[in-house]
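By convention in this document, chain letters (A, B, ...) are assigned in the order of the sequence lines, proteins followed by strands, and residues within each chain are numbered from 1.
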2 protein chains.
Amino acid sequence: MPFEKSRSAGYLANHMARLFAHGLAQRIKPLGLAPAQFMTLLELWREDGLTQGELVARLDVEQATMANTLTRMARDGLIERRPHPTDGRAQSIHLTDKAIALEGPATAAAAAQNDVALAGLSEEERSVFLDTMNTVIHAMKSAPMPK
Amino acid sequence: MPFEKSRSAGYLANHMARLFAHGLAQRIKPLGLAPAQFMTLLELWREDGLTQGELVARLDVEQATMANTLTRMARDGLIERRPHPTDGRAQSIHLTDKAIALEGPATAAAAAQNDVALAGLSEEERSVFLDTMNTVIHAMKSAPMPK
DNA sequence: TACGCTTGAATAGCGTGCTATGCAAATTAT
DNA sequence: ATAATTTGCATAGCACGCTATTCAAGCGTA
């Protein structure tokens, strides 16, 4: 039997993530935000002044990816990189007033996209779905890489 | 209450898809393949000689994305672009022997990645999970774009 | 037939992910 | 205290996704 893409978790995950990203991008574009910037802001709204390394750990992206995202965010006036008070190698990342003001509208946009995506599911189904994604993420993170 | 990323479908979808892509990439790299190439090959293994436009429709990516992926695949000796027999604007995309030979190992690699990801789930849970992803995908594809 | 619209594909430019390097500051070991 | 290692970040280079633009070939219609 052929490899059926609509029965492949990986294929579906990719397709679903592209649709989520596209929908979110459309919704936050008017705010001057892009998806990776939003994701980063989620952490900084929760706790300002994190280092790049802390953001890397919390968002599970590579250090180089975060460095580039932060560069674009600084360019766009969302963050400021300040010298770290105690570690001369590090910087602390601080939100600008502009970025602080975006928390409400941006999280509302993300919630709206989630609502559209999950529209066909009951509360119970939504909860199971989120739990399952967390389980799958954990499985892949703890699996040893093949050879 | 704060926007909780581990309870956001979009955030989890993104994270999960990155992990899937990374795992698949590691597994098919020895075959000389990258994820988007594998996805494209899935369609061509099923039916050779498709046009770029047909691939775009089946994989739900933008035309420009597919054009670039096909260019890389031609560069890597996986496909050949031949003039379309009846439409002077189009080309038909044909697999090389090399690409044909990769079907077994590549689909096995993808299946292995899916297995790792779904390891913690029962058969029933896996089935529900795939169904739900298909439902969510459909919901986002049919939702009108905001404003 | 000729003009105009549609359609298949390429290209440019950018965001976001990755790996691989390089460098300077900090830390550890000798 | 000096040397070696580790750690924080930047940069280069590439895959892949997107939007926007351009061009040529096909198709319609006046």
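Contact of the B:Leu102 side chain with the B:Leu78 side chain is registered, since non-hydrogen atoms from C-beta on lie closer than 4.5 Å. Counting heavy atoms from C-beta on, the side chains of A:Leu70 and A:Gln52 come closer than 4.5 Å.
Rounded to whole Å, the distance from CZ on B:Arg18 to C1' on C:dT16 is 10 Å. Between the C1' atom of C:dT21 and the CD atom of A:Glu62 lies a distance of 14 Å, rounded to the nearest Å. Atom CD in B:Gln26 sits about 9 Å away from atom C1' in C:dT19, given to the nearest Å. Atom-to-atom, CG of A:Leu70 to P of C:dG17 comes out at 12 Å; the value is rounded to the nearest Å. Going from atom CE of B:Met16 over to atom P of C:dG17 covers 15 Å, rounded to whole Å.
Running 5' to 3' along DNA chain D, contacts with non-hydrogen atoms of chain A at under 4.0 Å begin and end at D:dT7 to D:dT19.
Residue pairs satisfying the salt bridge (charged side-chain N to carboxylate O under 4.0 Å, His left out) criterion with at least one member in residues 34-45 of chain A, sequence neighbours excluded, are listed as follows: A:Glu43-B:Lys5. Note on residues 126-137 of chain A: pairs passing side chain to side chain donor-acceptor pair (under 3.5 Å), not counting sequence neighbours, are A:Asp131-B:Arg7.
Under the rule for a side-chain contact (heavy atoms from CB on, under 4.5 Å), the partners of B:Ala9 that lie at least two apart in sequence or sit in another chain are A:Phe20, A:Asn114, A:Leu118, A:Leu130, A:Met133. Checked against salt bridge (charged side-chain N to carboxylate O under 4.0 Å, His left out), A:Glu4 has the following partners two or more places apart in sequence or in another chain: B:Arg46. Taking the salt bridge (charged side-chain N to carboxylate O under 4.0 Å, His left out) definition, one finds that B:Asp76 meets it with nothing, sequence neighbours left out. For B:Glu124, there are no side-chain hydrogen bond (donor to acceptor under 3.5 Å, both in side chains) partners two or more places apart in sequence or in a different chain. Among residues two or more places apart in sequence or in another chain, the side-chain contact (heavy atoms from CB on, under 4.5 Å) test is passed with B:Ala106 by B:Leu31, B:Leu33, B:Phe38, B:Trp45. Evaluation of the side-chain hydrogen bond (donor to acceptor under 3.5 Å, both in side chains) rule for B:Thr107 yields no partner, not counting sequence neighbours.
Side-chain atoms of B:Thr69 do not come within 3.5 Å of backbone N or O of B:Gln37 as any donor-acceptor pair. A:Arg27 contributes no side-chain N or O that, together with a main-chain N or O of A:Ala108, makes up a donor-acceptor pair within less than 3.5 Å.
For DNA chain D, the neighbouring residues in residues 47-57 of chain A, judged by any heavy atom under 4.0 Å, are A:Thr51, A:Gln52, A:Gly53. Against DNA chain D, the stretch residues 80-109 of chain B makes heavy-atom approaches under 4.0 Å through B:Asp87, B:Gly88, B:Arg89.
A salt bridge does not link A:Glu62 to B:Arg18: none of the charged side-chain nitrogens sits closer than 4.0 Å to a carboxylate oxygen.
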Grab the N/O contacts between the protein and nucleotides 11-15 of chain C below 3.5 Å, and write none if there aren't any.
residue: C:dG15; atom: OP1; partner: A:Arg75; partner atom: NH1; Å: 3.2
residue: C:dG15; atom: OP1; partner: A:Arg75; partner atom: NH2; Å: 3.1

